[in-house]
Amino acid sequence: MAAICVFCASSRQLEQRWLDLADNTGREIARRGHTLVSGGGCVGMMGAVADGARAGGAYTLGVIPQALVDREIADTAADELLITEDMLSRKALMIEKSDAFLTLPGGLGTLDELFEVWTTAMLGIHRKPVAIVDQDGFYTGLVAWLRGLAQTSFAREDALDLLIVADSVPAALDAIEARLE
């Protein structure tokens, strides 16, 4: 059993298919016996993944800065909710509490979290698997751009090899679990 941190959108204006993906991700994490680590919000995909995980019986750990608690978007149903001073300490605590990272579709905050954990893995600060779910080609353009960085020597191939790219949540979790063994 591992603590899987999921990065994803917290927007309230998403198509239902993205909320369903998040819910199914939470349920799949639970089905496999893992703990969910999330950004501690109760809205958008972040709320859906936590709800799905709990519906499947998983333990849920949310990490949220006080400023977001003050905006009343905290996942108060979480089994454990850790409140940090700011976004930077939130990311640090999420990294500390997690064994692996799974990135679903999201915006700038999601990409910030992805690049933080991927960069720190590349630097050898941790050896935790990092994966993205390229559902419906959501990250195809980004992945192509990243591969181009290696071709121009702006990124090393071994750094790119650290990033798991999967087209489904089960495939991403299979790859994560294989790297955790």
Side-chain angles (χ1 to χ4, degrees), residues 3-15 17-26 29 36-50 52 61-65 67-68 71 73 75 84 86-152 154-169 171-173 175-176 179:
I4 308 291
C5 182
V6 175
F7 301 132
C8 58
S10 60
S11 171
R12 294 180 172 153
Q13 300 175 5
L14 299 173
E15 293 177 30
R17 67 182 174 135
W18 301 121
L19 299 173
D20 292 343
L21 171 64
D23 179 76
N24 291 334
T25 299
I29 286 170
L36 171 70
V37 177
S38 77
C42 64
V43 295
M45 291 176 72
M46 192 183 307
V49 74
L61 167 64
V63 183
I64 190 167
L68 295 182
R71 291 174 58 188
I73 61 170
D75 180 13
T84 63
D86 54 35
M87 295 294 278
L88 187 59
S89 55
R90 174 202 211 182
K91 280 193 298 188
L93 192 54
M94 290 171 78
I95 292 169
E96 176 188 324
K97 296 287 186 183
S98 301
D99 299 311
F101 307 93
L102 178 67
T103 305
L104 298 176
L108 296 178
T110 302
L111 291 172
D112 173 57
E113 293 162 334
L114 166 64
F115 282 107
E116 175 87 16
V117 297
W118 185 20
T119 300
T120 50
M122 181 203 61
L123 294 173
I125 295 170
H126 67 80
R127 302 217 180 282
K128 301 172 183 183
V130 179
I132 62 173
V133 177
D134 189 24
Q135 179 97 12
D136 298 336
F138 187 88
Y139 285 114
T140 300
L142 176 64
V143 171
W145 180 75
L146 292 168
R147 289 189 178 127
L149 289 178
Q151 295 168 359
T152 57
F154 280 99
R156 297 187 329 255
E157 282 290 337
D158 61 335
L160 294 178
D161 292 341
L162 290 174
L163 182 64
I164 298 163
V165 179
D167 62 0
S168 70
V169 171
L173 289 172
I176 285 171
R179 290 193 184 181

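We're numbering straight along the sequence, starting at 1.
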request  = Check the pair Phe115, Val130 against side-chain contact (heavy atoms from CB on, under 4.5 Å), reporting the backbone distance first and the verdict last.
outcome  = CA-CA 10 Å; Phe115 282 107; Val130 179; over 6 Å; no
What is the minimum heavy-atom distance between [X] and [Y], and which atoms define it?
X      : Y      : value
Trp18  : Pro105 : CZ3-CG, 3.4 Å
Leu21  : Gln135 : CD1-OE1, 3.6 Å
Ala121 : Lys128 : CB-O, 4.4 Å
Ile164 : Pro129 : CD1-CB, 4.3 Å

request  = Before giving the answer on side-chain contact (heavy atoms from CB on, under 4.5 Å), spell out for Leu146 and Tyr139 the whole-Å C-alpha distance, their side-chain angles and the decisive distance to 0.1 Å.
outcome  = CA-CA 10 Å; Leu146 292 168; Tyr139 285 114; over 6 Å; no
Flag the pair [X] / [Y] as yes when at least one side-chain heavy-atom distance between them is below 4.5 Å, and no otherwise.
X      : Y      : answer
Met87  : Asp112 : no
Val6   : Ser38  : no
Val143 : Ile132 : yes
Ile64  : Asp75  : no

Look up atom [atom1] in [X] and atom [atom2] in [Y], then write down how far apart they are to the nearest 0.5 Å.
X      : Y      : atom1 : atom2 : answer
Thr120 : Trp118 : OG1   : CH2   : 12.0 Å
Thr119 : Ile125 : OG1   : CD1   : 9.0 Å
Ile95  : Glu116 : CD1   : CD    : 4.5 Å
Glu113 : Met94  : CD    : CE    : 5.0 Å

ask   = Considering residues at least two apart in sequence or located in another chain, which fulfil the side chain to side chain donor-acceptor pair (under 3.5 Å) criterion with Asp23?
value = Arg27
request  = Kindly check if the number of other-residue, nucleotide or ligand heavy atoms within 6.0 Å of CZ (Arg71) is above 12?
outcome  = no
key: Neighbour count above 12 (heavy atom, 6.0 Å) for Leu123 CG   = yes
Contacts of Ala22 that satisfy side-chain contact (heavy atoms from CB on, under 4.5 Å) - sequence neighbours left out = Met45, Ala48, Val49, Leu104
ask   = Does the side-chain contact (heavy atoms from CB on, under 4.5 Å) test come out yes or no for Val169 and Asn24, once each step is laid out?
value = CA-CA 8 Å; Val169 171; Asn24 291 334; over 6 Å; no
query = Which word best sums up how the rings of Phe101 and Phe7 line up, parallel for under 30°, tilted for 30 to 60°, or perpendicular for over 60°?
reply = parallel
side-chain contact (heavy atoms from CB on, under 4.5 Å) partner of Thr103, chosen from Leu111, Thr110, Asp134 = Thr110
inquiry  = Applying the side-chain contact (heavy atoms from CB on, under 4.5 Å) criterion to Leu102, which one of Val133, Val37, Leu36 satisfies it?
reply    = Val133
Any donor and acceptor pair, going by atom type alone, linking the side chain of [X] with main-chain N or O of [Y] inside 3.5 Å?
X      : Y      : value
Arg12  : Val43  : no
Thr152 : Leu149 : yes
Arg179 : Arg127 : no

